[in-house]
Protein chains: 2
Amino acid sequence: MKRKPIQHYEARAAVAKALAHPSRLLMLDALAKKEMCVCDLTELVGADQSTVSKHLAVLKHAGIVDVRRDGVMTYYRMKIHCLEGFWKCVESVLRQNLKDQSAALGV
Amino acid sequence: MKRKPIQHYEARAAVAKALAHPSRLLMLDALAKKEMCVCDLTELVGADQSTVSKHLAVLKHAGIVDVRRDGVMTYYRMKIHCLEGFWKCVESVLRQNLKDQSAALGV
DNA sequence: TGAACTCATGGTAATATTGCCATAGACGTA
DNA sequence: TACGTCTATGGCAATATTACCATGAGTTCA
């Protein structure tokens with residue numbers, strides 16, 4: 001098992017960083033179901049359109065979503081399908097953590 | 001399919017944020033194999049001991065690692081085992097992205 | 001051409017993250 | 001008790017992230 005270079009972890013960190021914002025995760029959850037335009041996502045998130053556009057640029061730059069232009073509209077779609085299962089696993093662990101903590105407090 | 005509340009995505013973002021640093025990912029990769037003390041991890045990362053300690057606090061607070069005290073030493077160990085598969089999937093997608101981009105450039 | 005629409009990009013202020021130094025706390029041992 | 005070792009925690013400066021406003025770029029249609 002050879003040691004991975006630091007660049008390897010920087011690449012991973014770039015992906016994690018792109019995931020590290022609730023608005024982006026909300027959009028990804030929606031994009032997992034179907035592609036959506038910036039206007040749809042702006043309404044979904046409820047922030048300024050420019051803010052949403054920048055969030056999408058982050059996701060695109062990280063290689064998590066893909067873009068398709070159609071006239072005036074720009075449609076974003078999911079490119080990484082590892083997320084659903086990942087969050088499911090993470091959340092089951094976090095739920096168990098909470099249970100353990102409750103038990104430790106003698107509830 | 002009911003809409004998840006914003007708190008749901010904030011919880012996810014907290015985990016992603018904890019993962020969003022190369023040093024922390026390096027430590028997690030090592031911790032996936034065996035528990036390690038702060039001194040081991042400090043040597044692994046090559047940063048100041050206080051820096052490593054703070055990184056570990058971030059991982060612990062996110063519920064990603066667990067702590068065990070033994071005398072003077074503090075051992076950290078992995079608590080979430082979803083990461084290995086997740087990164088494997090992510091990296092395969094990123095590799096494919098690169099291939100597609102190369103092909104698009106007509107290489 | 002010009003207005004309306006969709007989206008992206010500077011600019012900027014507020015906030016968060018990060019790393020190191022100094023230092024404090026906790027434990028084992030002489 | 002005193003000392004050495006291992007960790008954790010303030011403090012602080014440098015850097016990064018974020019949100020909004022204003023505006024620009026590209027497209028459609030009358």
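In what follows, every chain begins at residue 1, and chains take the letters A, B, ... in the order their sequences are listed. Small disclaimer: the values here were computed from a predicted structure and weren't measured. Hydrogens, waters and symmetry mates play no part in the numbers below; they use all other heavy atoms, side chains included.
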Quiz item: Can B:R12 and A:D29 be counted as an ion pair, charged N to O under 4.0 angstrom?
Solution: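 So B:R12 pairs with A:D29 through a salt bridge.
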
To the nearest angstrom, how far is [X] atom [atom1] from [N] atom [atom2]?
{"X": "B:E43", "N": "D:dT5", "atom1": "CD", "atom2": "C1'", "result": "16 Å"}
{"X": "B:K54", "N": "C:dA16", "atom1": "NZ", "atom2": "P", "result": "16 Å"}
{"X": "A:H55", "N": "C:dA8", "atom1": "NE2", "atom2": "P", "result": "13 Å"}
{"X": "A:M73", "N": "C:dA4", "atom1": "CE", "atom2": "P", "result": "19 Å"}
{"X": "A:M27", "N": "D:dT18", "atom1": "CE", "atom2": "P", "result": "11 Å"}
{"X": "A:D40", "N": "C:dC5", "atom1": "CG", "atom2": "C1'", "result": "14 Å"}
{"X": "A:Q49", "N": "D:dC21", "atom1": "CD", "atom2": "P", "result": "12 Å"}

Heavy atoms under 4.0 Å, any strand shown: does [X] hit a base, just sugar-phosphate, or nothing?
{"X": "A:K17", "result": "sugar-phosphate"}
{"X": "A:A47", "result": "sugar-phosphate"}
{"X": "A:S53", "result": "base"}
{"X": "B:S50", "result": "base"}
{"X": "B:Y76", "result": "sugar-phosphate"}
{"X": "A:R24", "result": "sugar-phosphate"}

Quiz item: Do B:D100 and B:Q96 have side-chain N/O donor and acceptor atoms under 3.5 Å apart?
Solution: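 Note: B:D100 and B:Q96 side chains meet the donor-acceptor criterion.
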
Quiz item: Is B:L44 reachable from A:Y9 through a run of I, L, V, M, F, W or Y residues, each pair having side-chain heavy atoms under 4.5 Å apart?
Solution: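 A:Y9 clusters together with B:L44.
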
Exercise. Rounded to the nearest 0.5 Å, what's the gap from CG on B:L19 to CD1 on B:I80? Could you check?
Key: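 The distance works out to 7.5 Å.
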
Quiz prompt | B:F86 and A:F86 aromatic ring geometry - parallel, tilted or perpendicular at 30°/60° bounds | solution =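 A:F86 vs B:F86 ring planes: parallel.
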
Quiz item: Considering only side-chain heavy atoms of B:T74, which listed nucleotide, C:dC7, C:dT18, D:dT7, is closest?
Solution: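 Between C:dC7, C:dT18, D:dT7, the one nearest the side chain of B:T74 would be D:dT7.
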
Practice problem: Please tell me which of B:C37 and A:A20 maps to the more 5' nucleotide of DNA chain D, matching each residue to the nucleotide holding its nearest heavy atom. | Solution: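 Of the two residues, B:C37 wins.
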
